[in-house]
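Note sheet for the following structure.
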Amino acid sequence: MSDVAYKRGDTVPIEARLPADLSGYSSVTFEMFDGDETVLSDGAVVIEPVDGVVAYQWQPSETDRTGLYTIEWQVTWGDGGVETFPKDGRDSIYFYE
């Protein structure tokens, strides 16, 4: 995972490699925040479970913004447990004009 930048209106999926084998996952959620306020929380897909690769497909209205936001990924495991990545805070995403 790392900090990323998007041009306003871009809809290419955002991908991350989580430091976990996701073979036993139930679901993955992508979350984006403006300060402490959640502005987006939606389902993501697992591309490579063993390598922890996940992706979120943006909708056009979700990238029609500018500014700095923070992001994280929540994995719900098969036993119902929830684990959030990154472990130390959140990554940043910047939408520029």
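If you read the sequence from its start, that first residue is 1, and numbering goes on from there. The structure displayed is predicted, hence computed values, not measured ones. No hydrogens, no waters, no symmetry mates; every other heavy atom, side chains included, goes into these values.
Here the shortest heavy-atom pairing between Ala44 and Ala55 reads CB-O, 3.2 Å. Closest non-hydrogen pair, Arg65 versus Phe95, comes out as O-CB, 3.2 Å. Residue Val50 comes nearest to Asp21 through the heavy atom pair CA-OD1, 3.5 Å, listed as atom of the first residue, atom of the second, then distance. The two residues Gln57 and Pro13 make their nearest non-hydrogen contact at OE1-CG, 3.0 Å. Considering all non-hydrogen atoms of both residues, Ser41 and Thr29 come closest at OG-CG2, 3.5 Å.
Put simply, Val12 and Ile93 are part of the same group of oily side chains (I, L, V, M, F, W, Y) that touch within less than 4.5 Å, one to the next. Residues Phe33 and Val28 do not share a hydrophobic cluster, defined by chaining ILVMFWY side chains whose heavy atoms lie under 4.5 Å apart. Note on Tyr25 and Val45: separate hydrophobic clusters, where clusters join Ile, Leu, Val, Met, Phe, Trp and Tyr whose side-chain heavy atoms are under 4.5 Å apart, directly or indirectly. Residues Trp58 and Ile71 fall within the same hydrophobic cluster, defined by Ile, Leu, Val, Met, Phe, Trp and Tyr side chains chained together at heavy-atom separations under 4.5 Å.
Interatomic distance, Leu18 CG to Glu48 CD, rounded to the nearest 0.5 Å: 12.0 Å. Taking CE of Met32 as the reference point, atom OG1 of Thr38 lies at 10.5 Å (rounded to 0.5 Å). The CD1 atom of Ile14 sits 10.5 Å away from atom OH of Tyr56, with the distance rounded to the nearest 0.5 Å. In this structure, Glu72 CD and Phe30 CZ are separated by 10.0 Å, a value rounded to the nearest 0.5 Å. Annotation: the span from Glu83 atom CD to Trp77 atom CH2 amounts to 6.0 Å, rounded to 0.5 Å.
When side chains are defined from C-beta on, Glu15 does not count as touching Val54, because their heavy atoms never get closer than 4.5 Å. Within the 4.5 Å cutoff, the side chain of Thr63 has heavy atoms near those of the Thr11 side chain.
The closest donor-acceptor contact from the side chain of Glu62 to the backbone of Gln59 lies under 3.5 Å. At least one donor-acceptor pair closer than 3.5 Å links the side chain of Asp10 to the backbone N or O of Lys7.
The only option from Val39, Leu40, Asp91 that meets the side-chain contact (heavy atoms from CB on, under 4.5 Å) definition with Tyr69 turns out to be Val39.
For Arg8 and Tyr6, the positive end is not near the middle of the six-membered ring at less than 6.0 Å and at most 45° from its axis.
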From CA spacing to verdict: side chain to side chain contact (heavy atoms under 4.5 Å, CB included), Phe85, Val75: CA-CA 8 Å; Phe85 298 91; Val75 176; 3.8 Å; yes
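Side-chain contact of Glu97 with Thr66: a donor-acceptor pair under 3.5 Å is absent, judged by distance alone. If you check the side chains of Trp73 and Glu31, you find no donor sitting under 3.5 Å from an acceptor.
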